[in-house]
There are 2 protein chains.
Amino acid sequence: MTHASPRPRRPLTLRDVSEASGVSEMTVSRVLRNTGDVSGATRARVLAVAKALGYVPNKIAGSLASQRVNLVAVIIPSLSNMVFPEVLNGINAGLEGTGLQPVVGVSRYDPAHEEKVLYEMLSWRPSGIIIAGLEHSQAARAMLRAADVSVVEIMDVDGEPVDSVVGISHRRAGAEMAQAIARAGYRRIGFLGTTMPMDHRARKRFEGFTGALARAGLEVADQEFYSGGSGLLKGREMTRAILRRSPDLDFLYYSNDMIAAGGLLHCVDAGLDVPGRIGLAGFNGIELLDGLPLALATTDACRREIGEKAAAIIARAAEAGPAARPERIALAPRLSVGQTLLRGALGGGQDSPVGV
Amino acid sequence: MTHASPRPRRPLTLRDVSEASGVSEMTVSRVLRNTGDVSGATRARVLAVAKALGYVPNKIAGSLASQRVNLVAVIIPSLSNMVFPEVLNGINAGLEGTGLQPVVGVSRYDPAHEEKVLYEMLSWRPSGIIIAGLEHSQAARAMLRAADVSVVEIMDVDGEPVDSVVGISHRRAGAEMAQAIARAGYRRIGFLGTTMPMDHRARKRFEGFTGALARAGLEVADQEFYSGGSGLLKGREMTRAILRRSPDLDFLYYSNDMIAAGGLLHCVDAGLDVPGRIGLAGFNGIELLDGLPLALATTDACRREIGEKAAAIIARAAEAGPAARPERIALAPRLSVGQTLLRGALGGGQDSPVGV
DNA sequence: GTGAAAGCGCTAACAA
DNA sequence: TTGTTAGCGCTTTCAC
């Protein structure tokens, strides 16, 4: 039983590896970090001993000594919908091979909570910060500015970023959908969205939407708001409600694809001709929903791409030093009319309302 | 301009606050941690100075000194599907108010990558580890055992946990669905699942499923496998393919709700009578999909609850010291027959096949 | 190619 | 109630 290794009460340290291998702590450290010149023999021995012991370096000590942390703070409002996981995947992909690790915090669409989460994350001195949206409490903005690391605000470009920004213009996304709807000849437009006052992106889409409708001589004829999670059922219920109240609506614009999909299912069940009698559109471009009875008109929010580009900016800055110039990347929200928005006069004039 | 504070090149330290407030570093530290007895006056002054300066404590240094870290490592296979975000929400909820913060790593259903992610996270000396599944590389198991912190393996209880475990029996989930199917009188059963050999839970469901079918004198008549993301479209395509090959199938069991939903949409489009001519069932109990043309038969995997309970175990152990006894929590997978599985002889015998 | 000494920013333990 | 001292485990820097 000579080699039985009892469960260590005290975590192993460099010193343990040093003593067990007969090499100085310094050299062990070099081996473990693949740094400096270490002879092949020494290197092999140290590696073997470290592995045998099951040594795991202590990054807390390492980071304190080196003043460098391989963490990137990522702050997003929610994990519940299908939007942000996709962004995270993009970030993961963009950080791949850089040695940087994302650490995710959830702000719950609540500025006060966002502030807390940010403070918490900053106290780990991350090498970069990726944060959703451009709207933050004053204190949060101050922290971001004072942090002296690259900050990338993502998703939205309509506003003043603290540092870099990668996103789409939600105003533009809303406006383009309004134009497509107007050009296709729809006239009685309903809007279905969230009550969440802190969902600034949904708000901006709505503003862009109504603005462009107005320029086309149209307006939102009725609205329906919801709170809580957005599932198919919610979409069905809202659609039933708004159509009962305003049966003459001929287009419904939803603030996300999931409730739009529910609305589509409702319309199909109700025997409404889509997109003839009534048109529908969502937002986000959720790939998982491809395969609905009709392809949903929507705007691709470029979620993955946003994550990738934001991560790339952080990675570059971590490499080049924090002095890098801020980047402002506005991706183009890609509208797809699918099969729920008439392909009326899509080639037509940009702003003028055109009948079918 | 006397109060203009230039962007600091060097991050602020306790010492800065100490000097600016004329109080010792130690007292500042006490104030900032709400610890020890500090006079109200001193406390107020320190707080004011810290805020004015924009001081953010350095947790790296703090953790090194105190040998305590308020981080919980969470390792899950993926963020792409709708399964794990829900678990994360549960973990977040369970950690609420404990001062512990989850840190998420993604293992991509790849044991080697899981090992790397685990190593990386352990190097931050987290106060607890929540990791999906019971199958890990030998090295990973060794690390988990050596880490000397609470480990909770989640999702699955069919196997030997390293420490605590919270999950459901996927074998049982598969078996119960098979029994319900057999009892309802279906006879020609098709299975649609993932090719991923590392999705052990899907594999166990399949094993439980075929085992129980066999006991009912039935077998899986045809199978269809897919790789890549699971969306509605994938479900449609797979369903079309398997039904073209085996038109006489009268039940399809899918490895998740999303492809099952796609299958349902296909069957509806194809004019197949569901659940009369053909029955369908998925797995997970995805709430967002409530609202499909027919309520899908599925098994609720208790995802949120699993997250909450796992977090509670970690929180309790962090409180009580690491000596806490391992907990083994097997939740009951809740089968719901919805409207896509005939309510044939559900009250009938447990194992005996019963015709409709 | 290797080692010794100093210190990263904070907190535990003790002293006053 | 407040302050002093001695590290936490590693990496930096410099010496050999």
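Proteins come first, then strands; the chains are lettered A, B, ... in the order of their sequence lines, and each starts at number 1.
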Rounded to the Å, how far apart are [X] [atom1] and [N] [atom2]?
X       : N       : atom1 : atom2 : value
R15(A)  : dG3(C)  : CZ    : C1'   : 14 Å
L64(B)  : dC8(C)  : CG    : C1'   : 9 Å
W124(B) : dC8(D)  : CH2   : P     : 19 Å
K59(A)  : dG9(C)  : NZ    : C1'   : 20 Å
N58(A)  : dC10(D) : CG    : C1'   : 8 Å

| Choosing from dT2(C), dG1(C), dC8(C), which nucleotide comes nearest the side chain of T27(A)? | dT2(C)
| Picking from dT2(C), dG9(D), dC10(C), which would you name as closest to the side chain of Q67(B)? | dG9(D)
| task | Could you tell me which residues satisfy salt bridge (Lys or Arg N to Asp or Glu O under 4.0 Å) with D16(B), sequence neighbours excluded, listed by chain and number? | result | R10(B)
Can you tell me if [X] touches the phosphate of [N], counting only side-chain N or O atoms and a distance under 4.0 Å to OP1 or OP2?
X      : N      : value
S39(B) : dT2(D) : yes
T42(A) : dT2(C) : yes
Y55(A) : dG9(D) : no

| note | Residues at least two apart in sequence or cross-chain that pass side-chain hydrogen bond (donor to acceptor under 3.5 Å, both in side chains) with D158(A), listed by chain then number, are S169(A)
| said: Check this for me, if you would: do E327(B) and R316(B) make a salt bridge, where the nitrogen-to-carboxylate-oxygen distance has to be below 4.0 angstrom? | reply: yes
| task | May I ask you to decide whether K116(A) forms a salt bridge with E120(A), counting only side-chain N to carboxylate O separations under 4.0 Å? | result | no
| Does the S18(B) side chain pair with the main chain of V23(B), one donor and one acceptor, at a distance under 3.5 Å? | yes
| query | Which part of the nucleic acid does D37(B) contact within heavy-atom distance under 4.0 Å: base, sugar-phosphate only, or nothing? | reply | base
| message | Return a single string for nucleotides 11-16 of chain D, one symbol per nucleotide in 5' to 3' order, where B is base contact, S is sugar-phosphate-only contact and - is none, cutoff 4.0 angstrom on heavy atoms. | response | BBB---
| Would the number of heavy atoms belonging to other residues, nucleotides or ligands and lying under 6.0 Å from CZ of R328(A) be above 12? | yes
| query | When the C1' atoms of the five terminal pairs at each end define the local axes, what inter-axis angle does the helix from dG1(C)-dC16(D) to dA16(C)-dT1(D) show, to 10 degrees? | reply | 30°
| said: Checking H200(A) against M198(A) for the side chain to side chain contact (heavy atoms under 4.5 Å, CB included) test, could you report, in this order, the C-alpha distance in whole Å, the side-chain angles of both residues, the deciding distance, and whether it holds? | reply: CA-CA 5 Å; H200(A) 298 283; M198(A) 289 311 164; 3.9 Å; yes
Could you list the donor-acceptor pairs under 3.5 angstrom formed between side-chain atoms of residues 43-52 of chain A and any protein atom two or more places apart in sequence or on another chain?
from, atom 1, to, atom 2, distance (Å)
R43(A), NH2, N34(A), OD1, 2.5
R45(A), NH1, S21(A), O, 2.5

Determine all donor-acceptor pairs shorter than 3.5 Å in which one atom belongs to a side chain in residues 128-136 of chain B; sequence neighbours excluded.
from, atom 1, to, atom 2, distance (Å)
E135(B), OE2, K204(B), NZ, 2.8
H136(B), ND1, E114(B), OE1, 2.8
H136(B), ND1, E114(B), OE2, 3.4
H136(B), NE2, G133(B), O, 3.0
H136(B), NE2, E153(B), OE2, 2.8

